[in-house]
Amino acid sequence: MLSAVPSHAQSDDFFGSIAALFNPNATSRQTPVIDATPYTLNMEVQGGDGGLKSAITQASNLESLKDRPPSGAAGLVRRALSDFERITAALYGEGRYGASIRITVAGMAPNAPNIFDVVERARKAGPVPVRVDVDPGPPFVFGDIRILDASTRRPLADGPSLRALGLEPGESARADRVVRAEAVLVDFWRERGHPFARLTGKDVVADHATHRLNVTLLIETGPVATFGTFTVSGADFLPPNFIEDRVEIPPGTPYSPDRLTRLRKRLLTIQAIASVRLREGERLDAQGRLPIFIEVRPRDPRYVGFSAKYSSTDGSSINGFWGHRNLFGGGETLRLDASVSWFGGVPEAVPNADPFGYKLAASFVKPGIWTAQDDLIVNAAILREVTNAYVREGVVALLAVRHRFDDQLSMQVGLDFEDGQVEDTTGTYNALVTGIPVDIFYDTTDNALDASRGIRLNATVEPFAYLGDSGAGPVMLKAALSAYHAFDDDRRIILAGRVAAGSLVGVGDLYDVPPQRRFYVGGGGSVRGYDFQSASPRNAFGQIVGGLSFFEASAEVRVRITDTIGIVPFFDMGSAFASEYPDFNGLKYAAGIGLRYYTPIGPLRLDFAVPLNPGPDDGSFGVYVSLGQAF
């Protein structure tokens with residue numbers, strides 16, 4: 001019978017074994033085995049559900065490697081012996097501490113004194129018979145759970161609940177829950193200002209009479225501390241105090257690991273920085289403060305690259321770019337882009353238009369123009385854009401200042417300028433636009449390209465000094481809100497939702513607004529499955545003209561099948577409207593399925609969508625390929 005309880009290492013081995021099953025080590029890359037010893041395997045598991053049997057089977061090297069014969073009798077014996085520990089770890093992971101495991105190789109225990117001779121004789125007759133019999137025993141539940149102060153051996157007055165720890169009496173006593181509880185305990189006290197909190201010991205006992213697992217965890221909380229000085233090294237490629245000015249954690253601030261996490265994330269947004277390591281001091285200073293050491297490394301200042309986008313409804317494009325991450329030595333960034341695009345069809349508004357477009361763009365950011373929280377942003381582009389509703393050629397420019405209030409909230413105020421020639425269903429004319437956009441950004445998500453928690457809000461208010469024939473006075477209002485929720489700690493199932501709306505207020509007539517400043521819905525960035533801009537108002541001839549308002553909503557369930565592959569069923573809805581405010585008449589609906597390939601820089605997205613209530617001018621499906629999630 002098995003009565004021992006797994007240590008950290010045993011539990012880690014169990015989860016490492018499970019992870020190893022998904023390691024794509026192709027057999028074709030293995031060198032031929034010398035003195036291969038084929039074997040047959042008969043594995044029997046008494047009782048238990050399918051999940052238990054699957055866990056045992058997946059943990060077994062004899063099972064997972066049976067198509068790769070080991071080398072010699074010794075190799076087979078080692079494989080059989082290793083299965084004792086691996087299957088034991090799997091049983092503990094399922095809350096089974098009273099199991100028995102019997103493994104025989106050619107009818108003998110793998111640790112028998114003459115086992116090598118027995119295997120050598122057996123292999124002469126063909127594959128060596130191997131048998132594994134597992135009696136998992138009864139399931140154990142958590143019994144007496146004690147969280148004690150390591151120095152006094154008395155219960156801690158404060159601390160996370162047993163429910164938060166996952167150790168509630170009567171619940172399944174899975175070994176991984178104990179390991180997780182240890183990390184939760186340490187994090188709990190660190191988050192409450194105890195930087196040196198640590199687990200000093202544990203006593204885990206399986207009571208076979210009652211089928212209960214009794215757990216005692218000893219925690220040393222250590223002293224409460226505040227932040228001390230921040231010492232920076234490796235930042236000689238930036239101006240003096242550039243990093244220090246962006247720390248924003250004055251000495252005496254209560255210690256918080258979350259503050260350090262947010263500081264590291266904030267510093268990594270500086271493109272000149274390749275890596276940031278925050279190292280906590282080993283002891284408090286004389287004032288009871290914790291010193292922090294910031295170690296940074298520079299990125300290569302120059303970079304080049306290209307990107308491509310394909311959509312069966314939006315058209316395709318390819319873009320090449322060059323950039324500098326530290327142009328004048330003060331963290332300034334410059335990026336130059338050159339892209340060409342192909343509309344992929346005949347524009348409805350301008351049927352004889354050349355389907356090719358282009359864009360030459362420059363983007364410059366100067367950090368810390370007044371304070372460390374104020375950045376200067378300059379964007380400019382020369383472009384030709386081809387869409388179903390219009391074709392335009394001209395120049396666009398934006399001069400703005402962005403102020404960061406904290407790690408989640410920022411605001412940007414700018415001057416928006418556009419001039420050029422636009423052609424649509426009504427003819428060709430100049431369309432001058434000048435405005436003062438005010439943008440609010442609020443972001444609590446954990447990842448820009450693949451968020452699993454938090455919300456993201458972008459809102460814009462732009463009063464226009466000149467908006468085509470509308471003149472001065474109109475105001476554009478627009479906002480988009482996304483939310484993300486992971487259902488499990490490993491973030492393998494994520495529910496994501498997005499809603500967006502906008503309106504042009506103070507406009508006399510739809511056609512007074514330049515077509516490129518009207519609202520359009522449809523395509524990969526809004527309602528997938530419909531042609532680009534097609535879920536928008538049309539004129540009497542059925543040609544897309546755009547609207548003065550819009551509404552969009554999307555929902556996705558992002559499910560990871562493996563560490564690199566995921567599927568995403570989704571639902572989209574939305575439309576643009578001729579009225580100043582959305583009236584929700586004629587909403588378009590679509591549904592689809594997506595495939596995700598997860599890379600270190602973000603997921604590669606392939607979406608297939610079909611319209612649910614298509615009109616006579618709508619297609620039957622849409623395909624979209626890009627880097628990053630849809631929202």
Side-chain angles (χ1 to χ4, degrees), residues 8 145-168 177-202 215-233 241 243-269 275-296 372-373 404-409 442-447 452-455 486 489:
H8 270 297
I145 309 296
R146 298 193 302 165
I147 313 297
L148 305 181
D149 186 299
S151 58
T152 66
R153 295 279 175 153
R154 295 179 179 176
L156 287 167
D158 300 311
S161 67
L162 295 182
R163 181 180 181 85
L165 291 172
L167 301 179
E168 286 186 290
R177 293 189 178 184
V178 179
V179 176
R180 176 183 173 275
E182 298 169 14
V184 171
L185 264 178
V186 172
D187 289 345
F188 177 88
W189 290 105
R190 281 176 54 82
E191 289 167 0
R192 281 151 184 79
H194 297 258
F196 302 118
R198 64 190 182 98
L199 190 80
T200 62
K202 64 179 175 180
V215 182
T216 299
L217 300 178
L218 302 178
I219 184 78
E220 182 180 294
T221 62
V224 174
T226 58
F227 284 113
T229 57
F230 285 76
T231 304
V232 179
S233 62
N241 297 320
I243 300 294
E244 289 85 345
D245 289 344
R246 287 159 176 78
V247 170
E248 301 174 9
I249 305 177
T253 302
Y255 170 82
S256 164
D258 180 62
R259 291 288 296 267
L260 293 180
T261 299
R262 286 188 280 126
L263 170 60
R264 181 177 182 275
K265 183 178 179 181
R266 181 166 69 249
L267 293 178
L268 285 173
T269 63
S275 67
V276 177
R277 181 189 177 202
L278 299 180
R279 183 168 53 86
E280 300 179 8
E282 296 180 355
R283 61 184 60 87
L284 303 182
D285 63 18
Q287 290 77 38
R289 298 174 176 179
L290 181 70
I292 304 295
F293 301 91
I294 304 176
E295 301 168 4
V296 300
Q373 292 75 39
R404 187 182 59 80
F405 295 98
D406 55 35
D407 292 321
Q408 298 172 341
L409 178 64
Y442 181 71
D443 192 343
T444 66
T445 60
D446 55 348
N447 188 296
S452 65
R453 60 177 174 82
I455 64 173
D489 293 335

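For the atom pair OG1 of Thr229 and CD of Gln287, the computed distance is 9.5 Å after rounding to the nearest 0.5 Å. Between the CD atom of Glu280 and the CG atom of Leu260 there is a distance of 5.5 Å, given to the nearest 0.5 Å. In this structure, the separation between OG1 on Thr253 and CG on Leu290 is 12.0 Å, given to the nearest 0.5 Å.
Proximity of a side-chain donor or acceptor of Thr445 to a complementary backbone N or O of Gly454 within less than 3.5 Å is not detected. Under a 3.5 Å cut-off, the side chain of Asp446 and the backbone N or O of Ser452 do form a donor-acceptor pair. Put simply, the side chain of Asp406 gets close to the backbone of Leu409: a donor and an acceptor are under 3.5 Å apart. His194 contributes no side-chain N or O that, together with a main-chain N or O of Trp189, makes up a donor-acceptor pair within less than 3.5 Å. Looking at Arg266, its side chain does come within 3.5 Å of a backbone N or O of Val247 through a donor-acceptor pair. Looking only at distances, a side-chain donor or acceptor of Arg264 sits under 3.5 Å from a matching main-chain atom of Val276.
Screening Thr216, Leu218, Leu217 against Arg146 for a side-chain contact (heavy atoms from CB on, under 4.5 Å) leaves a single residue, Thr216.
The two residues Arg289 and Pro251 make their nearest non-hydrogen contact at NH1-CB, 3.5 Å. Contact record, Glu244 with Asn241: OE1-CA, 3.0 Å, taken as the closest heavy-atom pair.
Between Asp149 and Arg154, no side-chain nitrogen of the basic residue sits less than 4.0 Å from a carboxylate oxygen of the acidic one, so the salt-bridge criterion is not met.
Judged by the 6.0 Å distance and 45° axis criteria, Arg259 is not positioned over the aromatic ring of Tyr255.
Looking at heavy atoms from C-beta onward, Asp443 lies out of side-chain contact with Ile455 at the 4.5 angstrom threshold.
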